[in-house]
Amino acid sequence: MPEPSERRQFLRYPIQLPLVHTSKNPDSPVTGIGWTRDLSEGGACVELDRRLSAPTPLQVRLQTDRGAIDVEVQVVWELESQEGEVGPGKRGVLHGVAFSRLAPEQLQAVQDLIQTQRRDRRTSVRLPLDLAVTCQPKGPAGSTVRGHTEDMSRGGLLLRLSQDVPPGTVLDLTLHPAGGPVKAQGEVVWVEPPEKRAPGEPVRHGLRFTGLGFSAMMSLGLLLMEPA
């Protein structure tokens with residue numbers, strides 16, 4: 001893999017954000033989705049839904065918990081070809097992108113994001129997501145549980161469910177956006193304790209995604225981009 005100069009000039013931080021990208025080539029406009037793997041003040045490593053060759057110029061929208069950051073970038077490297085194909089339902093491909101130009105307010109937004117994630121020691125940025133969700137516990141005795149999502153990161157979901165689901169339970173999830181259902185799977189890792197619950201309110205659960213394929217991850221990322 002090439003070692004672009006921006007990787008040597010700027011410290012990179014493992015920050016995961018959903019994104020949409022659009023080619024700036026008027027003769028071949030291409031729009032796609034992806035996630036960042038890491039981020040710096042000079043660029044990012046991104047996993048995209050298609051292979052783009054250097055030096056493709058792109059317009060990229062990064063979705064953060066403080067709103068969208070729109071930046072112009074240029075592809076500076078792509079991961080060498082491996083066995084298998086990339087694309088919808090298959091697997092992503094890693095690229096390095098360098099920011100072409102950042103206005104002062106864009107640079108400040110990137111710096112603020114990096115500082116917040118460093119302070120909180122989190123790689124996955126939690127973004128608001130309010131959707132109806134149906135949860136089916138794995139196993140023959142599991143009964144359907146309904147609720148809503150509250151926020152999501154690349155690592156998991158915060159759920160508000162109609163009843164307790166014990167930690168360690170693996171759930172098949174169906175999220176219900178306007179465009180049609182999105183499937184995922186995850187394991188409950190914590191449940192809101194009784195003393196912190198409001199009477200009659202849904203119970204908050206933390207869920208970690210498990211066995212999430214590339215296609216599902218891209219579909220979930222696109223849900224986070226829709227409010228932007």
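As the structure is a prediction and not an experimental result, all values here were calculated from the model.
- Using a 4.0 Å cut-off between charged side-chain N and carboxylate O, Glu201 and Lys196 make no salt bridge.
- The two residues Thr134 and Thr144 have their closest heavy-atom pair at CG2-CG2, 3.4 Å.
- Residues Ala98 and Val76 approach most closely at CB-CG1, 3.9 Å, considering heavy atoms.
- Using a 4.5 Å heavy-atom threshold, the side chains of Leu171 and Gln136 count as separate.
- Counting heavy atoms from C-beta outward, Tyr13 and Leu113 have side chains that stay 4.5 Å or more apart.
- Each of Thr169, Val170, Val188 was checked for a side chain to side chain contact (heavy atoms under 4.5 Å, CB included) with Pro137, and the lone residue meeting it is Thr169.
- More than 12 non-hydrogen atoms from other residues, nucleotides or ligands lie less than 6.0 angstrom from CZ of Arg197.
- No side-chain heavy atom of Glu41 sits under 4.5 Å from any side-chain heavy atom of Phe99.
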Check against side-chain contact (heavy atoms from CB on, under 4.5 Å), Arg126 and Leu158: CA-CA 9 Å; Arg126 298 172 185 170; Leu158 178 57; over 6 Å; no

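- When the options Leu223, Leu62, Ile33, Leu127 are evaluated for a side chain to side chain contact (heavy atoms under 4.5 Å, CB included) with Pro18, the one that passes is Leu127.
- Atom-to-atom distance recorded for Cys45:SG and Gln16:CD is 10.5 Å, nearest 0.5 angstrom.
- The shortest distance between side-chain heavy atoms of Pro177 and Val182 falls below 4.5 Å.
- Under the 4.5 Å side-chain criterion, counting only non-hydrogen atoms from C-beta, His205 is not in contact with Glu192.
- A distance of 9.5 Å separates SG in Cys135 from CG in Asp172, rounded to the nearest 0.5 Å.
- Summarising the geometry, atom CZ belonging to Arg118 is positioned 9.5 Å from atom CD1 belonging to Ile15; distances are rounded to the nearest 0.5 Å.
- Across all non-hydrogen atoms, the minimal contact from Trp190 to Pro167 is CA-CG, 4.5 Å.
- A heavy-atom distance below 4.5 Å is found between the side chains of Arg154 and Glu47.
- With rounding to the nearest 0.5 angstrom, the CG atom of Leu79 is 11.5 Å from the CG atom of Leu48.
- Ion pair Arg160/Asp151 not flagged as a salt bridge, since none of the NZ, NE, NH1 or NH2 atoms sits closer than 4.0 Å to an Asp/Glu carboxylate oxygen.
- With contacts defined as side-chain heavy-atom distances shorter than 4.5 Å, the pair Trp77/Val97 does not qualify.
- Looking at Asp70 and Val60, their side chains never come closer than 4.5 Å, going by heavy atoms from C-beta outward.
- Between Ser40 and Arg12 the shortest heavy-atom distance is CB-CG, 3.9 Å.
- Separating the CD atom in Gln106 from the CD atom in Glu72 is a distance of 8.0 Å, to the nearest 0.5 Å.
- Expressed to the nearest 0.5 Å, how far OG1 of Thr174 lies from CZ of Arg146 amounts to 9.5 Å.
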